[in-house]
**Student:** 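Below is the structure I would like to discuss, written out as structure tokens.
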Amino acid sequence: MASNQTNCDVSSQQEPNQLRKKRRKSTQTTESHLQNDGTGEAKNQPTVRWRTNTARRIYSSKLLEALRRSRRTTSPRGEKTREVRETADRVLAVAARGKTRWSRAILAKRARLLRVKKVKKPKVGCDRMLQESEKRKKLPAVERKVKVLSRLVPGCRKVSFLNLLEEASDYIAALEMQVKVMTTLSEILAVAGGGAGVGGGSSS
Amino acid sequence: MINRALLPAGGGENMLHCTDMTVLERQRARIKWQQEQQQQFQLQQQEISYFTELADVFHQAGFHEGGLSEVVTRSVKPDPGLVDNGWNNDHVGGYGVGLPYNNGLGFELNYGAISRTSSCPPEVVAAVAAATVKGSESVVSDKISSGAGRESSKKRKVDKIQNNSKVVAEEDTRDKRIKGCAEQGESKITEKNNNKNSRNNNTNKNNNSNKENSDETSKDNSKVSEVQKPDYIHVRARRGQATDSHSLAERVRREKISERMKYLQDLVPGCDKITGKAGMLDEIINYVQSLQRQVEFLSMKLAAANPRLDFNVDNLFAKEQAFPACSINFPTIGMSSDMTNPAYLQFNPAQQQLLACCGLGMGIDPPDMALKRTTSAPVSIPETFLDSSCFTQTHPPPTWDADLQNLYNVAFDQGRQTSFQTQPFTGDVKLSCLFLSALY
């Protein structure tokens, strides 16, 4: 996995070779199971769910479509990054097929945004929070970290520790896949963009 | 061994002998038990109904054996002192004195009840049976081993009081280790022993709390005057671990947590050496944050590269081509580059081949492809490009093939990252047709 993540820079060519070999094996094995994957039940383990080539392909194609659609509809000036990220997250959540809490939370967040504009209430409970902090209510270290983690994983603030771990593992697997797909996409786009410019010039 | 069990308590030498004998067996049994631990959890649910029935049976039996239990308790009391030494077969031996009465009674009651739930692996039964000399005791051990894996901790307390008359001996201690069954007074021994052989080593915290609990409860058990609670939790309490409902549920929850933490450990890179929840959580948090940052960064990159999103369709397709499977097709492409029209024909089957392979998913690196291609057919590539340029300009009826060639060019160029592009992106419509055709 580490090698996959470091592939963000295109220049490293040694690891791609290894990846390619790995992928060859995986593709050969998954070839026979292609038909099963389409109709069969989704596997339970997050790793299996998010690391199949099928999942990646589905996600990448959906992401492309969504990006193109978003491109056509709106193009806010300063917030392209956020829009792209939210699109990517939304597509990821869709790819999760609603089985996980974080995916439902992401979709619900977006639905809520579309329906109702977020009205930022003045924090009434702020004073209370300050008082508590003054009391120095120091939770055990583990609990503090659990809180941080629950804030990181979308939609998992009031979830039990056990379920939080499960959601976190699924979320991590999904994020890894998202990073891989977006890396490839960005590389292709970057190269293609550069190449297209030259090609267009030469053909004309 | 059984003779030793029947000797009156107090023989230190006997105890030593017993300990020597049982260490090896204990170790062997422990290994077996650890393997069979998993079976327990699966079978627990089945046994729930059986347990309640068993409980009723034992409860009834208690009335009959009340007198004997008193006798036994008296013999039990001096034993707690010995319990701390470890292997207290003398403790067991104490039971052996008052045994004969209850055996028959206990057997009948238990036999009928336990036989229903007997699902212990035959090896265990055989191992236990082999050790026993007396037939009656083998029966007992059979029953014990069969019912052992299923009995709840509460049940053990009940059994302890009622079945103290049963032959306890080393078989029981072995059984417990084999199946985690804690029968009668042996539960004390086993609990103490488990303190040393703590199996649940996922977090030291948990173990410490376990030990504390078990220390308290074992001392309580020594009095053998606990109230028999009718509600049974059907989780096997391990040796040396607490047996009340709260700690059992707690332990189950802890085990679930540790299982998930282990899974996360595999998922998050670089977590092999980290033990403990806090460290692991730190790593997990860092990893999630880094992944989210990467997504943010990549989305920025994508947003910047967005102008060329239109032809992403074929890019995606080409990306799919960037799969190892492509290496198969390259030689054909290279070879056919010399020919013009025949090349088209060859492209189609190659295309279909590619489709089949590309259905497998996304690749990561065009550089992979580049390497492959450069090594396989460096010479033929320029020719293909030239051909493609000819083809696309003429716009032959099979524009589909021209697009194919364009795609290959795209793939090539992506891999090489050269400005070698001819005109891969001239026909968005054509390319989208290609994509659609590829879809089905």
Side-chain angles (χ1 to χ4, degrees), chain A residues 1-2 7 10 13 16-17 19-20 23-24 27 30-31 34 47 53-54 56-57 60-61 64 67-68 71 80-81 84-85 88 141-142 145-146 148-149 152 161-162 165-166 168-169 172-173 175-176 178-193 195-196 198-199 202-203, chain B residues 253 256-257 260-261 263-264 267-269 277-278 281-282 284-285 287-289 291-292 294-296 298-303 305-313 315-316 318-320 323-325 357 359-368 371 410 413-414 417 419 421-426:
Chain A
M1 286 317 296
N7 266 333
V10 182
Q13 301 232 334
N17 283 336
L19 282 171
R20 190 163 19 99
R23 196 123 315 112
R24 187 176 302 146
T27 52
T30 52
E31 240 181 286
L34 244 185
T47 327
N53 284 325
T54 324
R56 260 189 237 139
R57 193 164 38 97
S60 58
S61 54
L64 274 175
L67 281 174
R68 271 197 297 150
R71 188 92 197 108
K80 283 184 192 174
T81 312
V84 169
R85 181 173 54 83
V142 176
K145 288 168 190 169
V146 167
V148 173
L149 183 62
L152 280 177
F161 184 45
L162 201 61
L165 288 179
E166 188 168 354
S169 57
I172 284 174
L175 274 182
E176 283 177 358
Q178 189 182 26
V179 164
K180 279 188 213 164
V181 167
M182 288 176 76
T183 313
T184 328
L185 255 187
S186 63
E187 283 171 7
I188 287 174
L189 279 186
V191 174
V198 174
S202 65
S203 64
Chain B
R253 175 182 162 270
K256 277 194 207 164
I257 286 177
R260 303 232 165 116
M261 295 287 282
Y263 186 76
L264 274 168
L267 212 49
V268 177
K277 276 194 275 186
L281 279 174
D282 265 336
I284 292 167
I285 288 170
Y287 190 57
V288 169
Q289 279 173 340
L291 282 176
Q292 284 179 339
Q294 274 181 345
V295 169
E296 185 85 26
L298 284 169
S299 68
M300 194 166 60
K301 255 178 106 176
L302 272 177
N306 250 355
R308 298 316 258 159
L309 258 174
D310 289 334
F311 55 78
N312 279 342
V313 172
N315 280 337
L316 167 67
K319 193 172 28 160
E320 291 184 29
F323 280 122
C357 303
L360 303 173
M362 309 225 351
I364 287 191
D365 296 319
D368 296 341
L371 269 172
V410 170
D413 289 335
Q414 286 168 10
Q417 295 190 14
S419 59
Q421 198 72 305
T422 52
Q423 63 291 29
F425 310 123
T426 45

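Any value given below was found using the heavy atoms of this structure, including those in side chains, with hydrogens, waters and symmetry copies removed. Throughout, a chain's letter reflects where its sequence line sits, starting with A, and its residues are numbered from 1.
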**Student:** Taking every heavy-atom pair that is under 4.5 Å apart, which of A:L162, A:V146, A:L175 has the most such pairs with chain B?
**Tutor:**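 Going by pairs under 4.5 Å, I would pick A:L162.
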
**Student:** Roughly how far, to the nearest 0.5 Å, is CZ of A:F161 from NZ of B:K256?
**Tutor:**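 Output value for this atom pair is 13.5 Å.
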
**Student:** Roughly how far, to the nearest 0.5 Å, is CD of B:Q294 from NZ of A:K180?
**Tutor:**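 So the NZ of A:K180 and the CD of B:Q294 are separated by 11.5 Å.
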
**Student:** How many angstroms lie between NZ in B:K301 and OG1 in A:T183, if you round to the nearest 0.5 Å?
**Tutor:**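 Interatomic distance, B:K301 NZ to A:T183 OG1, rounded to 0.5 Å: 7.5 Å.
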
**Student:** Work out which heavy atom in A:V84 is nearest to a heavy atom in B:A303; give both atom names and the distance.
**Tutor:**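 Closest approach of A:V84 to B:A303, heavy atoms only: CG2-CB, 3.8 Å.
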
**Student:** Which heavy atom of A:M182 sits nearest to which heavy atom of B:V295, and what is that distance?
**Tutor:**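 Taking every non-hydrogen atom into account, CE-O, 3.8 Å.
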
**Student:** Starting at CG of B:D282, measure out to NZ of A:K145 and round the result to the nearest 0.5 Å.
**Tutor:**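 The NZ atom of A:K145 is 3.5 Å from CG of B:D282, to the nearest 0.5 Å.
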
**Student:** Name the region of B:I257, side chain, backbone, both or neither, that has any atom closer than 4.5 Å to a heavy atom of chain A.
**Tutor:**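 Both parts, backbone and side chain.
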
**Student:** Would B:Y287 and A:L152 satisfy side chain to side chain contact (heavy atoms under 4.5 Å, CB included), going step by step from the backbone distance to the final call?
**Tutor:** CA-CA 11 Å; B:Y287 190 57; A:L152 280 177; over 6 Å; no

**Student:** When rounded to the nearest 0.5 angstrom, what is the spacing between OG1 in A:T184 and CG in B:L298?
**Tutor:**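 These two atoms lie 9.0 Å from each other.
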
**Student:** To the nearest 0.5 Å, how far apart are CD1 in A:I172 and CD in B:Q292?
**Tutor:**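 Taking CD1 in A:I172 and CD in B:Q292, the distance rounds to 10.0 Å.
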
**Student:** Heavy atoms only: give me the nearest A:S169-B:L267 pair and the separation to one decimal.
**Tutor:**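 Taking A:S169 first and B:L267 second, the nearest heavy atoms are O-CD2, 3.1 Å.
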
